[in-house]
2 protein chains.
Amino acid sequence: MARGSKERNKAAAPRALDVAAAAGVSTATVSRAFNTPEKVAPEIRDKILKIAADLGWMPHPAGAALASRRTWLVGVLIPTLDHDVFASQVGALQARLAEAGITVLIGCSNYDSAQAEAQLRAMLARGVEALAIVGEAQREGVFDMIRARRVPYVVMYSYRDSAEHPFAGFDNAGAFRSVARHLLDLGHRDFGLIHQPAGDNDRVQARLDGLRGALAENGIALRPQHVHEGAPSLLFGRQGLKAIMETSEPRPTAIVCGNDTLAMGALIEARALGIKVPDELSITGFDDVAMAAHMEPPLTTMRVDNAEIGRRAADYLRACLEDGAPDDPQPVEFHLMLRKSTAAPRSRPVLPDK
Amino acid sequence: MARGSKERNKAAAPRALDVAAAAGVSTATVSRAFNTPEKVAPEIRDKILKIAADLGWMPHPAGAALASRRTWLVGVLIPTLDHDVFASQVGALQARLAEAGITVLIGCSNYDSAQAEAQLRAMLARGVEALAIVGEAQREGVFDMIRARRVPYVVMYSYRDSAEHPFAGFDNAGAFRSVARHLLDLGHRDFGLIHQPAGDNDRVQARLDGLRGALAENGIALRPQHVHEGAPSLLFGRQGLKAIMETSEPRPTAIVCGNDTLAMGALIEARALGIKVPDELSITGFDDVAMAAHMEPPLTTMRVDNAEIGRRAADYLRACLEDGAPDDPQPVEFHLMLRKSTAAPRSRPVLPDK
DNA sequence: TTGTACGCGTTATCAC
DNA sequence: GTGATAACGCGTACAA
């Protein structure tokens with residue numbers, strides 16, 4: 001006896017065979033009633049659907065996956081959900097894939113490549129049909145593992161014009177170059193930089209490269225004492241600005257921040273120090289979070305449509321699953337939001353006497 | 001011929017049988033080498049693992065799920081990832097479940113009960129073993145559907161002391177009661193309210209009930225013209241405050257906001273209107289986002305540890321899967337962060353002449 | 001410790 | 001339009 005040899009108290013879950021028996025049809029027809037309803041006579045279909053509903057039956061996913069070789073699962077691997085940027089990307093990706101009947105598996109690496117690899121293995125072991133991964137700085141062999149399984153994937157958030165991976169993102173270096181040029185055009189020559197950790201983070205590295213490159217073109221280099229790397233928090237933004245302003249002169253007249261949170265921290269600290277923004281000091285952010293436009297003064301920052309990144313990644317993966325070999329996604333545009341935290345330098349920032 | 005009858009150009013994926021043949025063992029031993037390695041002789045195990053790695057084999061999830069009746073999948077259904085609150089909950093839930101080898105499926109309803117139901121069906125159809133759902137205001141039959149499948153679940157974010165569902169969250173009504181009492185204790189008697197949409201949202205409804213209840217105990221009612229419901233955005237916070245302040249006297253001396261975003265908007269608008277906070281007007285938020293403490297003045301708000309909510313939900317579901325019938329999660333504490341945006345009312349807010 | 005043999009529940013193929 | 005039947009790939013009692 002296959003099931004219930006020890007008479008169970010919990011009734012066994014119904015199977016397609018039970019529905020078929022009750023409807024007086026074969027399991028094949030039950031399956032068709034659910035998957036290709038147009039190929040089943042309307043009366044029979046309705047009867048099957050009703051009986052299935054009564055019995056509380058739906059196709060068992062494992063059986064269906066085994067026979068059809070489809071799981072309708074796609075994995076997305078991100079550093080953390082605690083940043084709006086990634087949350088937006090995942091949200092949009094999920095919405096777009098849901099339209100195609102695909103469900104999203106989520107994994108967070110917490111910026112740890114070992115966790116990233118573990119999450120990835122778990123996803124492959126759950127049968128994901130495709131993957132979206134933030135960042136290309138992964139452990140050696142990670143992409144080989146994905147390719148070996150012939151799972152289509154896309155690298156999200158980053159963007160390079162390269163055949164190495166398909167990318168759905170924007171040009172981080174270009175975006176920061178654009179910030180730098182805005183400040184250079186205003187006449188700034190002494191820069192400070194407050195940024196989030198760059199190790200293992202190709203996006204941040206690209207941004208720094210873009211900034212340094214644009215400055216170098218003008219014969220300008222960042223002084224080490226004017227560069228602070230740390231947690232992407234409001235608090236570190238404050239600390240970073242304070243440390244820079246306490247260095248000996250010449251003090252920078254422009255502070256570039258790795259994201260808006262740091263920039264808002266810097267703005268708050270500038271006010272606390274009595275430094276006038278933008279007259280004495282220009283400050284730029286990155287991301288254009290909701291609060292940025294409402295700061296005092298409103299923050300000049302870079303807007304990137306993260307939801308669009310998620311959508312493009314989703315569309316690309318859908319195309320992979322449906323067509324086979326789609327074109328790589330186009331890079332997402334970025335827009336410098338010129339507001340009141342940047343201006344031509346009028347005077348050097350002065351600290352009040354202690 | 002089972003496979004490759006039409007000679008395929010793409011080599012077929014390796015199966016356990018291939019690994020077994022290469023290692024000179026049976027498929028049973030291959031399976032054991034992966035699932036219960038301690039029951040396989042070390043040399044043989046290592047040999048199998050090496051061959052599997054070389055061949056790029058890992059157990060096919062559908063076959064494994066079918067035979068073991070385990071998918072190691074848990075679903076989480078939230079309104080949106082665009083709010084830190086839910087993103088934090090999901091992030092912590094995912095981290096905690098990953099420790100147990102469980103992968104998380106995510107679905108967003110966008111505050112739409114039809115989408116919620118569709119997402120839920122999809123998750124059940126993918127074989128989730130348990131579910132975490134934000135909010136108990138779901139379509140009729142949703143919870144019946146879950147129970148019919150005997151899938152353990154927990155309602156996240158909300159909390160009621162009720163046998164109807166297991167809850168992992170906090171007492172929304174109590175939290176708002178606490179905000180109201182703080183303002184009442186300061187001497188406020190005229191209140192305004194700016195809040196996010198309450199329809200279909202049991203958390204918001206509970207909060208409003210808590211507020212109105214605490215006021216009613218003191219014989220106070222909210223005037224309709226002092227209540228504004230709309231998008232949970234900075235902008236609506238500004239608009240709401242402006243509308244309230246433009247009503248005829250007596251104007252409220254305290255504004256309760258449904259979340260920090262609205263409260264920060266209100267704070268910004270108050271500054272724009274020349275209304276002194278907290279001397280003329282007290283403003284409260286909810287959530288204690290990072291920016292709240294750095295506003296001018298720092299925002300009095302309610303802190304809830306959303307990551308802890310996610311963790312408790314995860315622990316409860318793990319216990320369901322492992323033990324069977326754990327105790328319901330304890331409610332998460334909330335803490336009123338007393339800062340500078342609230343004070344005893346000194347004078348009524350005055351609008352400058354237009 | 002290892003192998004044998006069977007069941008897991010569905011879908012796809014091919015007749016009819 | 002429908003039914004019979006053979007995969008699908010693995011886990012696991014049971015036997016050895």
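Here is how names work: the chains are called A, B, and so on, in the same order as the sequence lines, proteins then strands, and each is numbered from 1. It should be emphasised that the depicted structure is a prediction, and the values quoted were computed from it without experimental measurement.
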**Request:** Choose from dG9(C), dC10(D), dG1(D) the nucleotide whose nearest atom is closest to any side-chain atom of A41(A).
**Result:** dG1(D)
**Whole-Å gap separating C1' (dA12(C)) and CG (L66(A))** = 12 Å
**Prompt:** Under 4.0 Å: is that the gap between some side-chain N or O of R69(B) and OP1 or OP2 of dC8(C)?
**Reply:** no
**Message:** Both V40(B) and G63(B) contact DNA chain C. Which one's nearest nucleotide lies toward the 5' end?
**Reply:** V40(B)
**Prompt:** Rounding to a whole Å, what distance do you find between K39(B):NZ and dA13(D):P?
**Reply:** 8 Å
**Item:** A28(A) side chain, from C-beta outward: closest of dG3(C), dG3(D), dC8(C)
**Value:** dG3(D)
**Message:** Distance check needed: dT11(C) P versus W72(A) CH2, whole Å only.
**Reply:** 12 Å
**Request:** Give the rounded distance in Å between these two atoms: CG of L55(A) and C1' of dG9(C).
**Result:** 15 Å
**Asked** So, F167(A) versus Y157(A), ring centres under 6.0 angstrom or not?
**Response** no
**Request:** Assign each of T29(B) and A62(B) to its nearest nucleotide of DNA chain D by heavy atoms, then name whichever residue's nucleotide is nearer the 5' end.
**Result:** A62(B)
**Prompt:** Between T80(B) and N110(B), does any side-chain donor sit less than 3.5 Å from a side-chain acceptor?
**Reply:** no
**Message:** Classify V30(B) by what it touches in the nucleic acid, base, sugar-phosphate, or nothing, heavy-atom distance under 4.0 Å.
**Reply:** nothing
**Listed nucleotide nearest any side-chain atom of H60(B), set dT10(C), dG9(D), dT12(D)** = dG9(D)
**Request:** Could you check how far CZ of R126(B) sits from P of dT10(C), rounded to whole Å?
**Result:** 15 Å
**Asked** Taking 4.0 angstrom as the limit, do R147(B) and D144(B) come out as a salt bridge?
**Response** yes
**Message:** What is the separation between atom CZ on R15(A) and atom C1' on dC8(C), rounded to the nearest whole Å?
**Reply:** 9 Å
**Asked** Rounded to the nearest Å, what distance is computed from the CD1 atom of residue I48(A) to the P atom of nucleotide dT11(C)?
**Response** 12 Å
**Request:** Rounded to the nearest angstrom, tell me the gap between atom CG in L17(A) and atom C1' in dG7(C).
**Result:** 14 Å
**Item:** Stepwise side-chain hydrogen bond (donor to acceptor under 3.5 Å, both in side chains) check, Q94(A) with Q119(B)
**Value:** CA-CA 10 Å; Q94(A) 190 272 331; Q119(B) 291 286 322; 2.9 Å; yes
**Request:** Answer yes or no: side-chain N or O of R32(A) and base N or O of dG3(D) forming a donor-acceptor pair under 3.5 Å.
**Result:** yes
**Asked** Hey, does the side chain of R318(B) reach the backbone of R96(B) with a donor-acceptor pair shorter than 3.5 angstrom?
**Response** yes
**Item:** First encountered from the 5' end of DNA chain C, between W57(A) and E38(B)
**Value:** E38(B)
**Complete:** Ranking dT11(C), dT2(C), dC8(C) by distance to the side chain of I44(B), first place goes to dT2(C)
**Prompt:** Hey, does the side chain of S26(B) come within less than 4.0 Å of dG3(C)'s phosphate (OP1/OP2), counting only N and O?
**Reply:** yes
